[in-house]
A.B. asks: 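Structure provided below as structure tokens; questions to follow.
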Amino acid sequence: MLPDAGLDLDGSDDLEFKRLTAEEVEVLRRKSRPVSAWSIVGLQVLAGLAVALLAWVFTGSQIVGWSAAYGALAVVLPAVVFVRGLVRQKRAPNAGSALGGFFVWEGVKIVLTVAMLFAAPRVVLSLNWLALLAGFVVTMKVYWVAMWLHSKHNKSIANIL
């Protein structure tokens, strides 16, 4: 046995675990729903479109809008490839191969993102780098917003029990 086994973070040994009844488990399962990766990609598309449209409207420059849209696309397109790859490998024979597949698809996503950013000046003529960065960052932050919203939802479920 480890010296700190059974101790709380502050060193006390007053850990309490509440065993759930079958009814409480059923309520928990009904209330907590997993977040779909496709819904996060959909939110990224909406955020990217919004930032591109706002950039275009506020600056009055079409190229600023296209630059912001390309920045968002540099997040969304690799995310679509990543999610599609993970969905296709869902029937992995064991946890090790599933984890390996995750890392492979994450690597593909990173390489595709970097390639798109390197290609940006050739794809969008008169590229506005600041707008591209704004579209990229806003679209990337959708992951954090989704995690934050999901954690708030889970905390409200914990209060029910």
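Numbers here are sequence positions counted from 1. Just so it is clear, the model here is predicted, and its values are computed rather than measured. Atom set for the values below is all heavy atoms of this structure, side chains included, hydrogens, waters and symmetry mates excluded.
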A.B. asks: Shared ILVMFWY cluster between L46 and V57, side chains joined below 4.5 angstrom?
C.D. replies: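 No, because L46 and V57 fall into different hydrophobic clusters, even though each may have its own neighbours under 4.5 Å.
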
A.B. asks: Could you measure the distance from the CD atom of Q44 to the OH atom of Y143? Nearest 0.5 Å is fine.
C.D. replies: 4.5 Å

A.B. asks: To the nearest 0.5 Å, what is the distance between CG (L86) and CD (E106)?
C.D. replies: 8.5 Å

A.B. asks: Are W38 and R84 side-chain neighbours, meaning at least one heavy-atom pair lies under 4.5 Å?
C.D. replies: yes

A.B. asks: Looking only at non-hydrogen atoms, find the nearest pair between P78 and L73 and report the distance.
C.D. replies: CD-O, 3.6 Å

A.B. asks: Is there a path from V51 to L43 through hydrophobic residues (I, L, V, M, F, W, Y) whose side chains come within less than 4.5 Å of each other?
C.D. replies: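 V51 does not cluster with L43.
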
A.B. asks: With distance as the sole test, does Y70 use its side chain to make a donor-acceptor pair with the main-chain N or O of M116 at under 3.5 Å?
C.D. replies: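 Yes, Y70 side chain to M116 backbone: donor-acceptor pair under 3.5 Å.
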
A.B. asks: For the hydrophobic clusters of this structure (ILVMFWY residues joined by side-chain heavy atoms under 4.5 Å, transitively), does one cluster hold both V138 and L49?
C.D. replies: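 The answer is no; the residues belong to distinct hydrophobic clusters.
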
A.B. asks: From N128 CG over to I63 CD1, what is the distance, rounded to the nearest 0.5 angstrom?
C.D. replies: 8.5 Å

A.B. asks: Report the distance from atom CD of Q62 to atom OG of S67, rounding to the nearest 0.5 Å.
C.D. replies: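 Going from the CD atom of Q62 to the OG atom of S67 covers 10.5 Å.
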
A.B. asks: Measure the CG-OG1 distance between L77 and T113 for me, rounded to the nearest 0.5 Å.
C.D. replies: 8.5 Å

A.B. asks: Measure across L127 and P121 and return the closest heavy-atom pair with its distance rounded to 0.1 Å.
C.D. replies: CD2-N, 3.9 Å

A.B. asks: Among the clusters formed by ILVMFWY side chains lying less than 4.5 Å apart, do W105 and V76 turn up in the same one?
C.D. replies: yes

A.B. asks: Could you state whether V75 and V123 fall into the same hydrophobic cluster, counting links through intermediate Ile, Leu, Val, Met, Phe, Trp or Tyr residues with side-chain heavy atoms under 4.5 angstrom apart?
C.D. replies: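 Result: yes, single cluster for both.
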
A.B. asks: Write down the atom of A68, the atom of A55, and the distance for their closest heavy-atom approach.
C.D. replies: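 For A68 and A55, the tightest heavy-atom pair comes out as CB-CB, 4.1 Å.
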
A.B. asks: Counting distance only, does the side-chain N/O of T139 pair as donor-acceptor with the main-chain N or O of F136 below 3.5 Å?
C.D. replies: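 No, the answer is negative, given that no donor and acceptor are paired below the 3.5 Å cut-off.
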
A.B. asks: For the atom pair CZ (F103) and CD1 (I110), what is the distance rounded to the nearest 0.5 Å?
C.D. replies: 10.0 Å

A.B. asks: Considering non-hydrogen atoms only, spot the tightest contact between S61 and W56 and give its length.
C.D. replies: O-CD1, 3.5 Å

